[in-house]
Enquirer: 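One structure coming up, written as structure tokens, with questions to follow.
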Amino acid sequence: MAYLIFSITLMLVYIGLAQLLHIQFGMLGIPNFGIVGFWGLGMYSVGVLNVQWDFSFIPALILTLLLVALVANGLGRLILKLEGQAMLCATLAFSAIVALLVITEKWLTEGVVGLGTIKYPFDAGAMTEPLYFLILLLIVVGIQLFINKLHVSRLGTLIFSIRDNEELAASLGKDTVKIKLELFTLTCALMGLLGALSAPLNQFLTPNMLVPSVTFAVWIALILGGKEHSMGAVLGVFITFGLFDLLIESYLPVAPEYAVMVPNFKLFLYGAVLVAVLMYRPRGVLGHSAAGARQELP
Amino acid sequence: MMLNVNGLSSGYGDVTVLEDITFCVESEIFTVLGANGAGKTTLLKTLAKLLPVKSGTVEWRGETITDMPPYELPSRGMAYVPQEGNVFPDLSVAENLSIGGLLDLPSREERLSEVYELFPRLVDRSEQLAGSLSGGEGQMLAVGRALMQRPEIILFDEPSAGLSPQFVDTLFQKILEIREKQNVTIVLAEQNAVKALEIADRVLVLSLGKIHLLEDARDFDKNRLMEAYHI
Amino acid sequence: MWLIRDSVFIGILQASPLILAAMGFTLIFYLNGFINFAYGESITYGAYFAAMFNVMFGFGFYLSIVPAALLAGALSVATYFLFFQPALKRGVRSTELIILSIGVSFMLRYGLVLFVGAENIYVDEPPIAYFSFLGVGATNLQLVALVLVLVVVFNLYWVVYRTGFGEVVRGLANNKELAMVSGINPHKVSVSVWFLGGVAGGLSGVFSGVFALANPLMGWNLILITVMVSIVAGVGSVKGALVVSIIAGMLTAAVTLVSKPLYAEVILLSSFIGVLWYRGGRLR
Amino acid sequence: MMNLAVRNLSKSYHQHPVLNLTQASFGKHSIEGLIGPNGAGKSTLMGLLTRRIPPTEGSIIFEVEDKHHDLIPLSSHQVAQIGLVKTNQRIQGFESLTIRDSLRLACTPPTQETLKSVFSKEQLSEAVEAEIDDYLSRFTFNEPDGYARSAGEKKLLDILRCLILKPKMLLMDEPTAGLPEDVTQQVMQEITRQTKANDMRIVIVEHDLELIWSFCEYVHFLVDGEMLFEGKPEDVKANRVVAEKYLGL
């Protein structure tokens with residue numbers, strides 16, 4: 001039971017990351033391949049503040065949010081004007097830098113030994129984990145409500161116009177640079193928040209949590225679910241994480257000699273599904289947004 | 001009859017630029033005139049197969065080339081010199097000339113010396129990168145590259161654009177020389193109408209994507225050209 | 001002084017897989033204009049193919065390099081035909097193409113893991129001998145690797161800059177329309193370039209870790225730095241890829257000698273973001 | 001009083017000059033034309049004026065309603081905000097916005113496009129919606145609440161999107177290319193009406209000279225990056241240099 005709660009809570013983290021990526025890539029067109037960097041920065045920041053410097057959870061959380069927002073804003077100023085491929089590489093490089101620094105800066109992070117133990121922000125006995133699950137659920141529902149509002153808001157229209165043709169939007173008097181930077185900072189900071197909240201969930205942090213597979217898992221979920229649909233992120237994570245990490249790895253009776261292969265099989269299938277979706281249904285399972293019935297590309 | 005264009009329509013995406021164009025080119029200098037946006041470049045690009053034909057047919061020496069990919073044309077004797085991007089900037093002059101690789105080695109050398117004879121300035125520049133050439137030298141190289149394919153017809157898209165007036169004279173003299181010495185058919189799209197008329201055998205005037213006028217250069221009346229240009 | 005000497009020597013020695021990978025990668029990037037992360041698997045599979053011929057079929061140590069490189073080239077062509085050519089034909093945008101290449105990369109990598117397992121595979125090595133030269137030491141294997149890499153690099157360089165085929169490749173990448181009206185069939189050339197790139201990647205895999213072992217993640221570990229070296233060098237410049245990968249190798253060696261090797265990577269990655277920003281995001 | 005004045009404006013690509021304009025000014029007449037042979041630098045000049053293209057050097061001053069704007073330090077969205085707007089030569093659009101949304105986007109004020117406004121109930125004012133309805137009723141689109149599908153519809157939408165911004169000065173880069181003849185006439189009548197009603201100024205770049213002669217009060221003639229001649233249409237038309245440059249003497 002405890003493991004199930006841990007798994008579903010982790011799934012909520014992934015849903016949140018995919019929702020934020022939906023805003024970044026699906027709506028605004030920023031290919032952020034540094035998700036694990038922002039998430040990891042948030043997680044380790046809370047870990048370091050909490051364990052090494054004895055901050056209690058809430059101040060650590062607030063400082064972390066500020067830190068990640070600052071980093072995202074700085075990175076955004078450097079890269080948001082770049083073309084798509086360059087942004088993709090730069091964000092990927094950023095997340096690699098975060099992972100490397102976590103290993104090298106042992107005085108701060110304990111390096112490969114690992115950092116622990118991060119306690120939950122409150123102690124409700126046996127109810128601690130379920131309560132924590134509820135908090136994350138609230139956050140994810142909150143992000144979803146925001147996305148739904150955003151899709152039908154005037155800001156949403158502007159965001160779509162920037163994705164379609166930024167130069168044209170600017171020629172209509174829209175300050176596209178400012179909007180992009182604001183939204184990038186906000187969504188990356190929220191990725192950091194999800195990271196911060198993942199710290200007590202994982203309790204013990206090691207650098208191998210910061211591998212690019214985290215980024216890719218989020219991407220695959222979003223592309224599979226439908227990058228432009230407001231519910232694409234949620235559905236995508238249900239299919240990928242829900243099916244494999246929850247159902248198969250935890251509950252399907254797999255013979256022990258094959259059990260070690262399941263994660264690899266999962267990653268293989270992730271790749272195959274991603275390829276199939278991009279080749280045959282580039283808009284994902286849900287296709288375009290129900291809110292705006294957006295146009296099919298030629 | 002060499003090049004036979006029948007009822008041709010073409011354009012970019014769903015924009016139709018040319019409509020119902022019919023003409024044929026014999027062994028001659030065939031000039032295509034027209035104001036900005038009349039469709040000269042579109043016509044040549046379509047003939048070179050870089051733009052798809054929307055309707056109509058194109059025949060070259062009795063063979064239908066309407067749906068042929070562009071890289072099949074040089075081996076059939078058709079060469080094309082675009083207006084912009086007509087050399088490979090990161091390749092040397094010599095490499096630009098030899099790139100097609102259509103010819104076996106002995107005839108390539110022979111051909112190369114012919115091109116160098118026509119454009120002696122290219123000899124000194126042969127190891128230089130094409131991107132570093134001046135406008136006039138670049139235009140010479142573009143013509144030379146087309147000649148390397150031993151073409152029977154060359155489609156020129158505004159070769160005089162951006163060149164100094166005295167070099168335009170030289171270039172048109174070279175085009176006339178190619179026509180007379182090597183018996184190459186020339187299709188010449190030009191905005192520079194006066195110069196082009198000096199060497200043309202026949203003139204096609206396009207206006208807003210349609211044929212405005214098609215007649216012999218000797219009978220040509222400049223006032224009717226002004227009419228097509230709306231001046 | 002010792003620092004410069006050692007970094008140059010170790011740098012060149014250790015950069016050899018990077019040099020090969022960057023030269024091969026840059027060719028494909030140059031021609032098709034998107035970052036192909038699946039190129040990393042050419043590297044991994046090259047090493048595995050070599051191990052297969054060596055361990056399973058008992059090929060001689062050096063002999064197994066040849067079929068391994070050819071198979072890596074064939075694999076690269078296969079990915080082109082199966083995935084990238086159809087996508088390019090449909091006009092899929094470059095960002096989506098990169099994501100596609102990551103999917104292909106996952107399939108190949110974890111397909112391999114499912115097939116042969118995630119453990120390192122060790123290769124039967126010829127007896128090791130140490131040589132000392134101007135105060136720096138190297139094994140016979142390292143020296144052979146260095147010579148082989150030099151030979152391959154020289155040949156690749158020669159093909160790209162001195163042959164008709166190289167002209168055609170550079171011409172096509174320079175100006176596709178003009179190349180086509182010059183009689184070049186882009187599809188044929190693409191196949192050759194993907195093959196050549198794959199071969200270079202395969203050899204890079206063989207030389208990674210100087211023949212010692214094969215590991216499913218080795219390609220992934222090299223691909224990010226390969227991409228960055230190619231971009232910093234100027235896309236399509238095989239010359240540039242050669243120079244920048246040697247510099248990256250020496251820098252890594254120098255930082256490793258005075259500090260931690262991981263800092264070298266941090267420095268390379270940060271300077272990469274800096275270079276992109278400085279160029280205003282133009283990759284070419 | 002309106003004046004868009006250019007001094008010593010130059011633009012070079014790779015040391016190759018495409019424009020070198022000593023002096024020019026637009027806006028004294030309600031509809032002005034800018035003509036010239038291929039490669040004269042007309043589109044480059046338009047791009048420079050709206051700050052889409054950074055100039056190599058020079059100054060651009062926009063004087064409107066007694067305000068004096070130096071455009072050089074501004075970015076393209078700021079230029080649009082002070083009322084200098086350009087329609088596009090190449091077909092451009094927002095492929096995921098409906099025709100109506102595209103027009104709404106143009107008239108939404110920045111205050112309704114903030115993060116805070118996502119949660120507010122504030123809508124576009126009724127006057128604005130009525131204006132959009134008015135445009136959509138007078139200019140026919142296949143599906144006003146669907147997407148602009150044909151090239152002609154996209155081009156028309158591009159022009160309407162600019163008109164609805166109520167610019168002080170509208171630059172039109174080849175507005176008729178790709179538009180059906182009847183729509184061209186309708187657009188020209190609409191802008192003529194608006195120049196009178198809203199005191200808007202128009203500068204048209206066009207290679208259909210017929211249209212220039214019939215609608216413009218004043219014509220600028222640009223050749224090789226320099227303003228060679230300007231004047232009333234009949235003077236420009238009668239000028240020998242103009243004919244010669246077009247025919248390539």
Enquirer: For the pair D:Gln81 (side chain) and A:Gly173 (backbone), establish whether a donor and an acceptor sit closer than 3.5 Å, ignoring hydrogens and angles.
Expert: yes
Enquirer: Sequence neighbours left out, cut at 3.5 Å: what donor-acceptor pairs do the side chains of residues 13-29 of chain A make with other protein atoms?
Expert:
| from | atom 1 | to | atom 2 | distance (Å) |
| --- | --- | --- | --- | --- |
| A:Gln19 | NE2 | A:Val140 | O | 3.4 |
| A:Gln19 | NE2 | A:Gln144 | OE1 | 2.8 |
| A:His22 | ND1 | A:Lys227 | O | 2.7 |
| A:His22 | NE2 | A:His151 | NE2 | 2.9 |
| A:Gln24 | OE1 | A:Asn32 | ND2 | 2.8 |
| A:Gln24 | NE2 | A:Thr187 | OG1 | 2.9 |

Enquirer: Taking every heavy-atom pair that is under 4.5 Å apart, which of A:Ser171, A:Ser161, A:Ala169 has the most such pairs with chain D?
Expert: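 Option with the greatest count: A:Ser161.
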Enquirer: Could you give me the CA-CA distance, side-chain angles and deciding distance for D:Ser96 and A:Arg163, then say whether side chain to side chain contact (heavy atoms under 4.5 Å, CB included) is met?
Expert: CA-CA 9 Å; D:Ser96 57; A:Arg163 182 193 63 191; 3.1 Å; yes
Enquirer: Considering only heavy atoms, which portion of D:Thr114 lies under 4.5 Å from any heavy atom of chain A: side chain, backbone, both, or neither?
Expert: backbone
Enquirer: If you measure from CG on A:Asp175 to CD on D:Glu113, what distance do you get to the nearest 0.5 Å?
Expert: 10.5 Å
Enquirer: What part of A:Ile159 lies closer than 4.5 angstrom to a heavy atom of chain D: side chain, backbone, both or neither?
Expert: neither
Enquirer: Could you state the interatomic distance from CD (D:Gln92) to CG (A:Leu168), rounded to the nearest 0.5 Å?
Expert: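 Between atom CD of D:Gln92 and atom CG of A:Leu168 there are 5.5 Å.
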Enquirer: Please report the closest heavy-atom contact between A:Ser153 and D:Val118, naming both atoms and the distance.
Expert: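 Nearest heavy atoms, A:Ser153 then D:Val118: OG-CG2, 4.1 Å.
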Enquirer: Which bit of A:Leu145 comes within less than 4.5 Å of chain D, counting heavy atoms only: side chain, backbone, both or neither?
Expert: neither
Enquirer: Against chain A, label D:Leu105 side chain, backbone, both or neither, depending on which of its atoms sit under 4.5 Å from a heavy atom there.
Expert: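 Contact with chain A is through both the backbone and side chain of D:Leu105.
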Enquirer: Heavy atoms only, distances under 4.5 angstrom: which of D:Lys86, D:Gln78, D:His77 has the most pairs with chain A? Name it, please.
Expert: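 The answer is D:His77.
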Enquirer: Quick check on the interface: out of A:Leu183, A:Ile179, A:Leu155, who has the most heavy-atom pairs with chain D under 4.5 Å?
Expert: A:Leu155
Enquirer: If you count heavy atoms of other groups shown closer than 6.0 angstrom to CZ of D:Arg193, is the number above 12?
Expert: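 More than 12 heavy atoms, drawn from other residues, nucleotides or ligands, come within 6.0 Å of this atom.
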Enquirer: Might you point out which heavy atoms bring A:Ala170 and D:Ala80 nearest each other, and give the distance in Å?
Expert: O-CB, 4.3 Å
Enquirer: How many angstroms lie between atom CZ of A:Arg154 and atom CG of D:Asp101, to the nearest 0.5 angstrom?
Expert: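 Reported to 0.5 Å precision, the distance equals 6.0 Å.
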Enquirer: Do D:Arg104 and A:Thr157 pair up side chain to side chain, a donor and an acceptor below 3.5 Å, judged on atom types alone?
Expert: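 Distance-only check fails for D:Arg104 and A:Thr157.
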Enquirer: Between A:Leu172 and D:Arg161, does the side chain to side chain contact (heavy atoms under 4.5 Å, CB included) criterion hold? Intermediate values first, please.
Expert: CA-CA 8 Å; A:Leu172 296 173; D:Arg161 213 165 25 216; 3.8 Å; yes
Enquirer: Test A:Lys174 against D:Thr108 for side chain to side chain contact (heavy atoms under 4.5 Å, CB included), laying out the working first.
Expert: CA-CA 10 Å; A:Lys174 309 295 179 188; D:Thr108 308; 4.3 Å; yes
Enquirer: What part of D:Leu84 gets within 4.5 angstrom of chain A, counting heavy atoms only: side chain, backbone, both, or neither?
Expert: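 For D:Leu84, there is no contact with chain A at all, as no heavy atom is under 4.5 Å.
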Enquirer: With a sphere of 6.0 Å drawn around CZ of A:Phe238, does it hold more than 12 non-hydrogen atoms of other residues, nucleotides or ligands?
Expert: no
